[in-house]
Amino acid sequence: MPRVEETILEIDLNALDHNYRVITSKLKPETKVLGVVKAGGYGSDAAVIAEELEALGVDYLAVAYVKEGVELRDAGIKIPILVLHPQPANFEELIDRCLEPALYSKRILKAFVSVASEKSQKAYPVHLKFNSGLNRLGFREDDIPWVTGELSNAPSVTIKSLFSHLAASEDLREREFTIGQINKFRAIVKEMHANLGYKPLVHQSNTSAILNYPEAEFDMVRTGIGLYGYGNDKAADQKLKPVHSLKSVISQIHEIAPGESVGYNRGHKASGTEYSATIPIGHADGIPRSLGKGKGHVIIKGRKAPIIGNVCMDMLMVNVSGIDCAEGDEVLIFGDGQPATTMAQNANTISYELLTALSHRIKRVVCRK
Ligand SMILES: *Cc1c(COP(=O)(O)O)cnc(C)c1O
């Protein structure tokens, strides 16, 4: 790797390839794979990830919003893109860019059918989302007669898939609840198949369900976090490789005399003589302020350097006393060798939040390690 000279986020496409192989090795050969690239490819670079997934042969991509799908089309992505949470204001653009909506309520279904007919569409692919217990988005089981009635008069659309989302697939203490969700969805699918007279694709699993609930595999799985190297589980994490490596440099080193303080509100006070290093990354870049005052650390020369005082907007300070380092030296914030899960736990959050919060001003560097 070239020398790190500023804050960068390395995106390791070989790690992505590796994770894709690990995840697909858990699946039946005929099971289709949808790669989730919402929120900028979990804070990396959605277009770069999408291109690689397309080359790896994934069947589908998913984003949350139409704007994200448009960015992928602009980047030349050709495979089908499911938009998980579209709004009627964007339906025209969605159709113009060949994106496929999840229809999750009566209001959204009616609005989409009306736009699709106005735009003279025939059998435009849509995906029906069912609520099997997450209580976030989706039709309920007792909406099925309304849904099938409405769609039997709507030649402008065709149902490409039926799907649902699990609430706690990573939490084995909720096994009974999750099995209940799977069975409920199975019953919904059965009724839909009977009413429709044809069989759209069926999918319910996210990454943790792929690992924990083979009974939820159906025709396709949707994997996000696993592709980026995290499996919500220690054993899974060991088989996966982090795609994101967040690195920076030491901007300046200070000798701090006993009793002097470091940072805003004098968040740290030196007990003896200490050395602090200032790093050019802060809470505006997605480093939680809760990691200040020793809760989090970075890695310098292979050693842990605790964050001292309060994390600032554009920088943070770490204690490098006893670490043989100099201004300009590389700093690993998280990634290969220091998983994002550790930093997430220290900040009382999850890998998803830490990754997706990384700001756009951090330079992305695509590599193959
Ligand atoms: C984000 C999302 C996923 C991906 O979940 P991971 O835990 O990252 O694998 C799958 N399905 C839906 C509906 C989602 O919103």
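What's counted below: heavy atoms across the whole structure, side chains too, no hydrogens, waters or symmetry copies. Counting starts at 1 for both ligands and their atoms, following the listed order. Starting from 1, each residue takes its place in the sequence as its number.
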Counting only pairs under 3.5 Å, give me each side-chain donor-acceptor contact of residues 303-316, with atom names and distances, residues two or more places apart or in other chains.
{"residue": "R303", "atom": "NH1", "partner": "G322", "partner atom": "O", "Å": "2.7"}
{"residue": "N310", "atom": "ND2", "partner": "Y264", "partner atom": "O", "Å": "3.0"}
{"residue": "D314", "atom": "OD1", "partner": "R361", "partner atom": "NH1", "Å": "3.2"}
{"residue": "D314", "atom": "OD1", "partner": "R361", "partner atom": "NH2", "Å": "2.8"}

Under 3.5 Å, which donor-acceptor pairs do the side chains of residues 20-30 form with other protein atoms, sequence neighbours left out?
{"residue": "T24", "atom": "OG1", "partner": "Y20", "partner atom": "O", "Å": "2.7"}
{"residue": "T24", "atom": "OG1", "partner": "R21", "partner atom": "O", "Å": "3.3"}
{"residue": "S25", "atom": "OG", "partner": "V22", "partner atom": "O", "Å": "2.6"}

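Annotation: side chain of V36 is not in contact with side chain of L61 (no heavy-atom distance under 4.5 Å).
Applying the 6.0 Å contact sphere to CG of D324 captures no more than 12 heavy atoms from other residues, nucleotides or ligands.
Ring to ring, F185 and F163 are not that close: their centroids are 6.0 angstrom or more apart.
Taking the ring pair (Phe, Tyr, Trp, His ring centres under 6.0 Å) definition, one finds that Y60 meets it with H127, sequence neighbours left out.
Within 4.0 Å of ligand 1, contacts by protein heavy atoms are made from V36, K38, Y42, L84, K129, R136, H165, N206, T207, R222, T223, G224, I225, Y352.
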